[in-house]
Amino acid sequence: MATAEETGILLESGTNELELLEFIVGNQRYGINVAKISELRPYEVPTIVPNAHEYVEGIFMPRDTIITVVDLSRALGIPLNSNRSSDMYIITQFNKIRVAFHVQEVLGISRISWQDISKPDETINHGGNGVATGITKIDGRIIIILDFEKIMTEINPETGLKISEVDAMEGRERSDHTILLAEDSPLLLEMLKKCLIKAGYTHLIPTENGLEAWTKLDKMMNEGAVVGKDVSMVITDIEMPQMDGHHLTKRIKNDERFEGLPVVIFSSLISDEMRRKGERLGADAQLTKPEIGNLIGAIDELLK
């Protein structure tokens with residue numbers, strides 16, 4: 001399989017597009033951003049690890065590297081198809097960890113716009129407990145884009161945000177700065193808000209995707225808001241329906257109304273290529289999601 005670097009999508013800046021790998025679990029079609037994938041491998045029976053989380057099928061060792069295997073059928077509550085002839089491992093790398101997700105079949109890659117991805121409503125993600133981060137349609141097929149970070153957070157909460165890094169910051173002097181947050185995961189958005197409040201940043205404007213963030217910022221400026229007073233910083237995820245964080249960054253940095261407004265990209269997808277892409281777009285800092293302590297340090301530095 002060609003990597004995201006080889007297809008060239010990571011070399012482009014702010015196109016609001018992604019490449020989506022379509023795969024099957026049970027009889028349902030799902031999708032994952034190619035930027036999260038390091039490779040695809042045929043399924044091989046993993047070694048069982050005693051007392052592991054119920055989603056963990058075991059481990060295997062390609063090229064002397066131990067990789068945890070997560071059975072997506074278990075994580076999604078779908079009865080497993082007993083026919084393993086087409087089963088595959090989707091080996092991912094995000095939040096600085098490598099995990100192999102066991103699926104029944106890999107179908108192919110499509111290039112789509114984030115505008116064509118809808119955010120699941122409350123009937124699907126009730127109370128933020130669902131694992132769908134977006135829904136799209138490709139050639140008449142409904143594809144559910146899974147929240148792999150949430151699945152991993154259910155296995156080990158510290159893979160989402162290392163909240164323990166912020167505990168020691170509780171009680172710091174409160175800041176007058178207002179920070180706008182763009183994060184589509186309800187779970188991570190709430191965790192991020194709690195961490196920032198602990199660190200003294202209590203004036204927060206939460207939004208659920210890049211489009212909502214841009215609409216809010218545009219409205220504020222049209223109503224006379226001042227950068228540094230009414231909004232001091234934007235912290236954005238990359239993967240979001242409607243408008244991704246790279247496109248949001250590009251729009252902010254190309255609009256003279258927002259001169260001097262720092263944009264921090266806080267995402268599970270910070271690789272070398274993604275970092276170069278963010279730099280070209282003008283991002284002031286880029287951090288990977290578990291490193292909430294480093295995020296607070298970057299905020300302190302940019303706003304001091």
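What you see is a predicted model, and the numbers here were worked out from it, not measured in a lab.
- For the pair Asp184 (side chain) and Gly134 (backbone), a donor-acceptor distance under 3.5 Å is absent.
- Remark: Glu105 CD is packed, more than 12 non-hydrogen atoms of other residues, nucleotides or ligands lying under 6.0 Å away.
- Using a 4.0 Å cut-off between charged side-chain N and carboxylate O, Arg74 and Glu54 make no salt bridge.
- Nearest approach of Leu281 to Lys253, heavy atoms of both residues: O-CG, 3.4 Å.
- For Arg174 (side chain) and Thr202 (main-chain N/O), no donor-acceptor pair under 3.5 Å exists by modelled atom type.
- Looking only at distances, a side-chain donor or acceptor of Asp230 sits under 3.5 Å from a matching main-chain atom of Val226.
- Of the candidates Val231, Asp255, Thr207, Leu217 forms a side chain to side chain contact (heavy atoms under 4.5 Å, CB included) with just one, namely Val231.
- In the hydrophobic cluster analysis, where Ile, Leu, Val, Met, Phe, Trp and Tyr join through side-chain heavy atoms closer than 4.5 angstrom, Phe94 is grouped apart from Ile91.
- The one candidate from Thr236, Leu196, Ile205, Val234 that meets the side chain to side chain contact (heavy atoms under 4.5 Å, CB included) condition with Leu181 is Leu196.
- Here Phe148 and Phe101 bring their ring centres to under 6.0 angstrom of each other.
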In residues 57-65, what donor-acceptor pairs under 3.5 Å come from side-chain atoms, sequence neighbours left out?
residue: Glu57; atom: OE1; partner: His102; partner atom: ND1; Å: 2.8
residue: Glu57; atom: OE2; partner: Tyr43; partner atom: OH; Å: 2.6
residue: Arg63; atom: NH2; partner: Glu39; partner atom: OE1; Å: 3.4
residue: Arg63; atom: NH2; partner: Glu39; partner atom: OE2; Å: 2.5
residue: Thr65; atom: OG1; partner: Arg63; partner atom: O; Å: 3.4

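- The salt bridge (charged side-chain N to carboxylate O under 4.0 Å, His left out) check on Glu190 picks up Lys193, with sequence neighbours excluded.
- With 3.5 Å as the limit, one finds no donor-acceptor pair spanning the side chains of Ser38 and Gln93.
- When atom types are taken as modelled, the side chain of Thr136 and the backbone of Asp116 share a donor-acceptor pair closer than 3.5 angstrom.
- Under the 4.0 Å criterion applied to side-chain N and carboxylate O atoms, Glu223 and Lys219 are assigned as salt-bridge partners.
- Judged by distance alone, the side chain of Thr92 and the main-chain N or O of Val99 form a donor-acceptor pair under 3.5 Å.
- One finds a salt bridge joining Glu154 and Lys150 here, because a Lys/Arg side-chain nitrogen approaches an Asp/Glu carboxylate oxygen to under 4.0 Å.
- Donor-acceptor pairing under 3.5 Å is recorded for the side chains of Trp114 and Asp244.
- Every residue two or more places apart in sequence or in another chain was checked for a salt bridge (charged side-chain N to carboxylate O under 4.0 Å, His left out) with Asp147, and none qualifies.
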Test log, rule side chain to side chain contact (heavy atoms under 4.5 Å, CB included), inputs Arg29 and Ile142: CA-CA 7 Å; Arg29 295 171 184 263; Ile142 293 177; over 6 Å; no

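- No side-chain donor-acceptor contact under 3.5 Å links Lys137 to the backbone of Ile117.
- Proximity of a side-chain donor or acceptor of Glu22 to a complementary backbone N or O of Gly108 within less than 3.5 Å is not detected.
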Pair Leu287-Ile270, side chain to side chain contact (heavy atoms under 4.5 Å, CB included): steps then yes or no: CA-CA 7 Å; Leu287 298 105; Ile270 302 299; 5.9 Å; no

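- Side-chain contact between Ile90 and Val106: present, with at least one pair of heavy atoms (C-beta onward) separated by less than 4.5 Å.
- Here the side chain of Ser271 pairs a donor or acceptor atom with the backbone of Met274 at under 3.5 angstrom.
- Classification of Asp237 and Lys289 as a salt-bridged pair holds, one side-chain N sitting under 4.0 Å from a carboxylate O.
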